[in-house]
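Below: the structure, in structure tokens.
Sequence positions, counted from 1, serve as the residue numbers for this chain.
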Amino acid sequence: MNGNVIVGQSGGPTAVINSSLAGVFKTAKDRGAKKIYGMIHGIKGLLDNQYVDLSNKLNTTMAIDLLKRTPSSYLGSCRYKLPEIKNDTATYDKIFKVLNDLDIKYFFYIGGNDSMDTIKKLSDYAILTGSDIKFIGVPKTIDNDLAITDHTPGFGSAAKFIAATMKEIIRDGVVYDYPTITVVEIMGRNAGWLTAAAALAKSDDCEGVDLIYLPEKPFDVDKFLKKIKAISDTGKSIVVAVSEGIKTADGKFVFELGEHAEFVDAFGHKQMSGTAKFLTNKITMTLGLKARAIELSTLQRCAAHMTSRTDITEAYNVGGAAVKAAFEGESGKVVVLKRVSDDPYMCITATDDVAKIANIEKKVPLEWITDDDYVTEDLIHYIRPLIQAELSPIMVDGLPRHLKVEDCIKES
């Protein structure tokens, strides 16, 4: 092959995003890449000439194994929106100058919706200017909201952590002789896939969560309180799973109904926090019941001790598939997973046009959400294969060992 490879990570981290990085690195190396660079803090860092030669940093089997088991983004991340090409060609000229100076012929970006927007714009600019650099997107997001692909790497491990955590919260709640209410806030701005995973907690050894609220359907605070009252009157303790992005019928986020700090990122996304706290305050003040809010926050995306082996394997595979596609001449594409069998579960990789994926959100189908504030068996059946099996951490002195992000950045 001719030329070098560069790879970056963008957006919110996951427990397995580094497995995709390992897949890109190992496959590119095996296919004869001369140098494999990593962008420090994604495209934003590249604009500032921040990158590192990974060739000598991941040169042992142990380093690759540790990388696959290390949560969060080893190379650092960013939330940086590239300008529209027609409005600012100077930014693109600067990026392509860095790429050309490094003799980059293959560019890989691991991320979600916003990251695929970056791949689309860069590949469009390559076509516009006649550049022969190949641009391929590698899917990642715990939100599972990328179009076309059956699911996204990162989702399975987050779903596994949520389901396991809900089982433990339920066990904690049933020990008292009076009803308690626990509202668990789970990530999901506009798509409720992660919150739906709470339904997997129900099994022969667990009663399961009582109510599940996803952003795909309007949320009614008064109806919610009536439902909590009715269940609590039976003497039962209650566990509720809510997406952070649930909205009222007029489109207002529930967390905005209470006191909250306003923060908006480069893509116009509001920081989500406070939904569970608002609802538990309402329960206590209106119904006089003891209520506790639990916000899983970043725990659900960095719990590498609860990694799904299926997820981490698929994350590695999409990284490798991206390299294969680029080396075979594809560009402006995203690797996708296609489910070919449910029993036994089997997914294969393919590629699709980035224009069909960038900036498009895949939401939970309404037919998979029940009218009694729960989800259907079809949705549970869809998620369950993605949480199967485990990959044990490499333990040192009783704790998981990780590769430090700082080591990579400081040495760059």
Are any of the side-chain nitrogens in [X] or [Y] under 4.0 Å away from the carboxylate oxygens of its partner?
X: K105; Y: D132; result: yes
X: K227; Y: D372; result: no
X: D117; Y: K121; result: yes
X: K160; Y: E390; result: yes

Margin query: Before you tell me yes or no, could you show the steps for S273 and E295 under side-chain hydrogen bond (donor to acceptor under 3.5 Å, both in side chains), namely the whole-Å CA-CA distance, both residues' side-chain angles and the distance that decides it to 0.1 Å?
Written below: CA-CA 8 Å; S273 181; E295 188 175 329; 3.1 Å; yes
Shortest non-hydrogen contact from [X] to [Y]?
X: P153; Y: L337; result: CD-CD1, 4.1 Å
X: I17; Y: S72; result: CG2-O, 3.2 Å
X: A196; Y: L379; result: CB-CD2, 3.4 Å
X: M166; Y: A198; result: CG-CB, 3.9 Å
X: D150; Y: N144; result: O-OD1, 4.4 Å
X: T248; Y: P218; result: C-CB, 4.4 Å

Checklist line | Between F135 and F96, ring centroids under 6.0 Å | finding: yes
Checking the side chain of [X] only, and the main-chain atoms of [Y] only, is there a donor and an acceptor separated by less than 3.5 Å?
X: E330; Y: T351; answer: no
X: T27; Y: V24; answer: no
X: T14; Y: V16; answer: yes
X: D88; Y: P83; answer: no
X: S19; Y: I312; answer: yes
X: D353; Y: A355; answer: yes
X: R69; Y: R401; answer: no
X: Y80; Y: T118; answer: no
X: S237; Y: G173; answer: yes

Side chains of residues 316-326: which donor-acceptor partners sit under 3.5 Å, not counting sequence neighbours?
{"residue": "N317", "atom": "ND2", "partner": "T313", "partner atom": "O", "Å": "3.4"}
{"residue": "K324", "atom": "NZ", "partner": "E328", "partner atom": "OE1", "Å": "3.4"}
{"residue": "K324", "atom": "NZ", "partner": "E328", "partner atom": "OE2", "Å": "3.1"}

Checklist line | Qualifying residue, where the test is side-chain hydrogen bond (donor to acceptor under 3.5 Å, both in side chains) with N190 and the options are E216, K247, K363, K362 | finding: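 With N190 as partner, side-chain hydrogen bond (donor to acceptor under 3.5 Å, both in side chains) holds for just one option, K247.
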Any [X] side-chain heavy atom under 4.5 Å of [Y] side chain:
X: L403; Y: L58; value: yes
X: V334; Y: D352; value: no
X: R292; Y: T180; value: no
X: L200; Y: I380; value: yes
X: D143; Y: R189; value: no
X: Q9; Y: K140; value: no
X: D373; Y: F224; value: no
X: E314; Y: F155; value: no

Next item on the list: Let me see the working for F253 and T275 under side-chain contact (heavy atoms from CB on, under 4.5 Å), right down to the final yes or no.
Entry: CA-CA 8 Å; F253 288 112; T275 301; over 6 Å; no
Checklist line | Plane angle bin for Y106 and F108 - parallel if under 30°, tilted between 30 and 60°, otherwise perpendicular | finding: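 Because their plane-to-plane angle is under 30°, the rings of F108 and Y106 count as parallel.
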At what distance, to the nearest 0.5 angstrom, does [atom1] of [X] lie from [atom2] of [Y]?
X: Y51; Y: L75; atom1: OH; atom2: CG; result: 14.5 Å
X: T284; Y: L279; atom1: OG1; atom2: CG; result: 11.0 Å
X: E168; Y: I170; atom1: CD; atom2: CD1; result: 10.5 Å
X: S297; Y: I186; atom1: OG; atom2: CD1; result: 12.5 Å
X: L194; Y: F161; atom1: CG; atom2: CZ; result: 11.0 Å
X: H402; Y: L66; atom1: NE2; atom2: CG; result: 9.0 Å

Notebook entry, point to check: Passes side-chain contact (heavy atoms from CB on, under 4.5 Å), T195 versus I246? Steps please.
Noted result: CA-CA 11 Å; T195 306; I246 55 173; over 6 Å; no
Margin query: So, applying side-chain contact (heavy atoms from CB on, under 4.5 Å) with D145, which one of T152, N113, I360, V364 is it?
Written below: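 Only one of T152, N113, I360, V364 forms a side-chain contact (heavy atoms from CB on, under 4.5 Å) with D145, namely N113.
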More than 12 non-hydrogen atoms from neighbouring residues, nucleotides or ligands closer than 6.0 Å to [atom1] on [X], yes or no?
X: K97; atom1: NZ; answer: no
X: R339; atom1: CZ; answer: yes
X: K167; atom1: NZ; answer: yes
X: R171; atom1: CZ; answer: yes

Next item on the list: May I have all residue pairs that pass ring pair (Phe, Tyr, Trp, His ring centres under 6.0 Å) and include part of residues 375-397, sequence neighbours excluded?
Entry: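 Of all non-adjacent pairs touching residues 375-397, those that pass ring pair (Phe, Tyr, Trp, His ring centres under 6.0 Å) are W193-Y382, W368-Y382.
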Notebook entry, point to check: Under the side-chain contact (heavy atoms from CB on, under 4.5 Å) criterion, do L211 and I231 qualify, and how do the steps go?
Noted result: CA-CA 10 Å; L211 301 167; I231 299 174; 4.3 Å; yes
Next item on the list: Run the numbers on V5 and F327 for side-chain contact (heavy atoms from CB on, under 4.5 Å), then give the verdict.
Entry: CA-CA 10 Å; V5 167; F327 282 23; 4.0 Å; yes
Item checked: Pairwise side-chain hydrogen bond (donor to acceptor under 3.5 Å, both in side chains) hits with a residue in residues 301-311, at least two apart ->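 Qualifying pairs: S157-D311.
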